[in-house]
2 protein chains.
Amino acid sequence: MPKSQDTRQQMLAAATKAFSEKGFYGTSIAAITQDLPYTKQALLHHFGSKEKLYGEVLAGISNTMIENINAVRMDFDKPQLALQEFFIRFYRYTQTQRVETYLLMRELMDNKQRADASQVWYLKPFVELLADMFIQAIDTQTDEANALAAIYQLLGAVNYFAISEATLTNMLGEEQFSRMRNHFESELRQLVRARLDCATASPFAGKQT
Amino acid sequence: MPKSQDTRQQMLAAATKAFSEKGFYGTSIAAITQDLPYTKQALLHHFGSKEKLYGEVLAGISNTMIENINAVRMDFDKPQLALQEFFIRFYRYTQTQRVETYLLMRELMDNKQRADASQVWYLKPFVELLADMFIQAIDTQTDEANALAAIYQLLGAVNYFAISEATLTNMLGEEQFSRMRNHFESELRQLVRARLDCATASPFAGKQT
DNA sequence: ATTTTCACTTACCAAGTGGTAAGTAGTCAA
DNA sequence: TTGACTACTTACCACTTGGTAAGTGAAAAT
């Protein structure tokens, strides 16, 4: 690996961390290079602008996610199994790659504000692939919009937990939170299965209280 | 209402909107007063500092949420019904009060960064009341940590959808997204019920694939 | 040997940041 | 009538923001 590429990687890593912690607006390019042996102008030399740097960071994460999805697709033929397994792996990903998870969530929120200005949607390929996979996975008799809604709820169940670590730790105490986290994965498996079973048994049940 | 109180309310409303759109760091106090007939120094006069203003905004939202929870508690005796109904109402709240929902999510994320510095946790009362309610609602035979995990997943299902509006609209197109939203509430009801039924039937099933 | 390219630096810049100081105009009580 | 108080303003302040300009030294290409 050429030295300049290594520099770029260092910068990307530092930027990923910084953006995930304080968001796009809360992060200054000077802050990103603070712990690196380079000046902020070196960063601008490599990436052109703050916006472009942010774009590269998001593109990197998006690619990782797409690889993850494809890996699950390879491992499981049955869509329902693949679906369940995807959520478990996605959960584990959010727990391991906390920084990336935060950043993804931030982009989701800043999307409108930032993208309205820059007209770029970095996560589109990832989300499209995800949606596509889920349409296939869920019983196709179901309405597509219906399936999307259900899927998005499960996605939310995972993501929301991941970003709430700090709040929950403070609220429950470390010990209690640790117990909660230990139960989360099996609870998640149960949730996904319950939802699928329910959909298979009676697709449109439960609309009334 | 005294005129100064009205000014404060205007400022709080503008601040809520601004913070929800660009976050704490992305919002300048000058930007908050831009569309108001006051200068930023008037804002500082009323609230002292940006941090204190943010605190008042969050406290207001937290109070509203607590009132919502208490209202559901009054309306339903049976905890399971109250639980289901709470999520539906919570969902509707997130759809109506988009600005507040965004802000809540942002605080969840910035919590660690911001609160580590200021040592204040604005949302603690709200989340504690919520957790308390859910402990009561779920079958007490279940482990407390288990219940918390399950509850948090449902909470995530609702919240995540609310903040994804911009991304989903762009990704799916307005028409498709609209259909998805129309299905969301009944899907949510189904999800909550499925999860509760499952827990009642076999509390610890589904740990293995 | 000379030119070009690359990685990176110092030196800037205008615009914006949160916040302070010192007022001004108005109300209200003594 | 005076003095305190309130709501707000203008005038600043030191500092940070993203970004530009113009270089430097080294390696690579000609």
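So you know, we letter chains A, B, ... as the sequences are listed, proteins then strands, and number each from 1. These values consider heavy atoms only, across backbone and side chains, with no hydrogens, waters or symmetry-generated copies.
- Between the C1' atom of C:dA21 and the CG atom of B:L44 lies a distance of 13 Å, rounded to the nearest Å.
- Between the CG atom of B:L36 and the C1' atom of D:dC8 there is a distance of 14 Å, given to the nearest Å.
- For the pair A:I61/A:M65, a side-chain contact is recorded, criterion being any heavy-atom separation below 4.5 Å from C-beta on.
- Atom-to-atom, CZ of A:F47 to C1' of D:dT20 comes out at 19 Å; the value is rounded to the nearest Å.
- The shortest distance between side-chain heavy atoms of B:E21 and B:Y102 does not fall below 4.5 Å.
- Ring orientation note: the planes of A:F24 and A:F19 are close to parallel, at an angle under 30° on the 30°/60° scale.
- Side-chain proximity of B:Q41 to the nucleotides D:dC8, D:dT17, C:dT20 is greatest for C:dT20.
- The separation between A:I32 atom CD1 and D:dT17 atom P is 11 Å, rounded to whole Å.
- Closest to the side chain of B:T39, out of D:dT10, C:dT17, D:dG18, is D:dT10.
- Distance, A:K50 NZ to D:dT17 P: 9 Å, rounded to whole Å.
- In this structure, the CZ atom of A:R8 is 12 Å from the C1' atom of C:dA7, given to the nearest Å.
- Between the NE2 atom of B:H46 and the C1' atom of C:dG19 there is a distance of 17 Å, given to the nearest Å.
- Between A:F184 and A:F161, the two ring planes are parallel [angle under 30°; tilted spans 30° to 60°].
- Rounded to an integer number of Å, the gap from CD of B:E51 to P of C:dT17 is 17 Å.
- Between the side chain of B:K40 and the base of C:dG18, a donor-acceptor pair under 3.5 Å is found.
- Among the heavy atoms of the strands, none lies under 4.0 Å from A:T33.
- For the pair A:T27 and B:M11, nearest-nucleotide mapping onto DNA chain D gives the more 5' position to B:M11.
- A distance of 10.0 Å separates CD1 of A:I32 from CE of A:M11, quoted to the nearest 0.5 Å.
- Out of D:dT10, C:dA7, D:dC8, the shortest distance to the side chain of B:T7 is found at D:dC8.
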